[in-house]
Amino acid sequence: MRKINISLNENYEDLSMAVANRIAAIIQSNPAALLCLAAGDTPLGALRALVDIQAAGHVNLRNVWYVGLDEWLGLGYQDKGSCAQIMQDSFYGPAGIPLDHVSVFNGLDPDTAIQTTQALAFITAHGGITLALLGIGMNGHLGFNEPGTSIDFPGGVVNLAETTRTVGTKYFDKPFPLERGITVGLRNLLAARHLILMANGEKKAAIVAACMTTQPDSALPASWLPVHPGFELYLDRAAASGLPDQLIKHA
Ligand code: PGA
């Protein structure tokens with residue numbers, strides 16, 4: 001079994017702090033870093049902790065660059081639960097990130113080709129992604145790179161998997177048609193220098209174990225991560241509970 005760089009944490013708070021400290025260290029050694037940040041429930045604690053680390057004077061989040069990982073097509077900032085709303089209100093706003101340092105997909109723009117081109121051009125202009133902070137979907141997706149996505153997919157519009165559409169309702173207090181999404185693709189994510197996958201809770205244990213112990217397989221997009229030299233896996237005890245002992249021993 002491939003050795004994985006694992007950070008095993010007692011609970012969500014410790015996990016969030018560990019991820020935030022790691023991101024702060026990466027920013028400190030990469031002053032022109034481009035961060036690609038996921039907007040699900042999982043990273044929120046780390047993003048809030050990063051804002052606190054900045055407030056304490058230990059990192060400057062305002063000089064680096066940000067590209068949003070994904071967005072639901074048809075949703076924008078005014079829709080509570082959209083990626084744009086979550087990230088602006090819990091991170092970009094509180095951290096005081098200058099607007100021109102952020103590229104996020106506008107899910108309301110019917111011209112999805114322009115949205116895709118802009119995000120991919122932003123990534124290219126910054127020399128690629130320095131760090132992608134990712135969560136894992138219940139089906140092993142990364143961003144909206146759903147099962148079956150090619151590792152050559154640069155990014156763009158995708159049809160959402162059934163699991164993603166069902167699980168996705170948790171972000172919203174009213175029903176939205178969650179059919180398509182727009183995402184940074186596996187090709188750009190896997191070209192990042194650092195890849196941090198963060199997972200917490202018992203419900204993620206089985207999919208984490210499946211993706212971390214199989215050979216890379218397009219049916220499980222997160223299974224491509226362990227072969228990446230800059231991959232780091234951050235878990236709480238519950239999310240790690242399905243991993244075999246040989247892997248945990250490295251933690
Ligand atoms: P979550 O989403 O962080 O809200 O669990 C993860 C994902 O779907 O990638």
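Keep in mind that the numbers below use all heavy atoms, side chains included, and drop hydrogens, waters and symmetry copies. In listed order, ligands and their atoms are each counted from 1.
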Colleague: If the threshold is 4.0 Å, N to carboxylate O, is there a salt bridge linking E10 and R237?
Modeller: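 Yes, E10 and R237 are salt-bridged.
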Colleague: Using side-chain contact (heavy atoms from CB on, under 4.5 Å) as the criterion, list what pairs up with D41, not counting sequence neighbours.
Modeller: K170, Y171
Colleague: Would you please write out the protein residues whose heavy atoms approach any atom of ligand 1 to under 4.0 angstrom, listed by chain and number?
Modeller: G40, D41, T42, G135, I136, G137, H141, K170, Y171, K204
Colleague: Look at the rings of W65 and H126 and say which category their plane angle falls in: under 30° parallel, 30 to 60° tilted, over 60° perpendicular.
Modeller: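 Because their plane-to-plane angle lies in the 30° to 60° range, the rings of W65 and H126 count as tilted.
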Colleague: Run the side-chain contact (heavy atoms from CB on, under 4.5 Å) test against D236 and tell me which residues pass, sequence neighbours left out.
Modeller: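 By the side-chain contact (heavy atoms from CB on, under 4.5 Å) rule, D236 matches L15, N200, A238, A239.
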Colleague: Taking only residues at least two apart or on different chains, which pairs with a member in residues 134-151 satisfy salt bridge (Lys or Arg N to Asp or Glu O under 4.0 Å)?
Modeller: none
Colleague: Using the benzene-type ring in the case of Trp, are the ring centres of W72 and F172 under 6.0 Å apart?
Modeller: yes
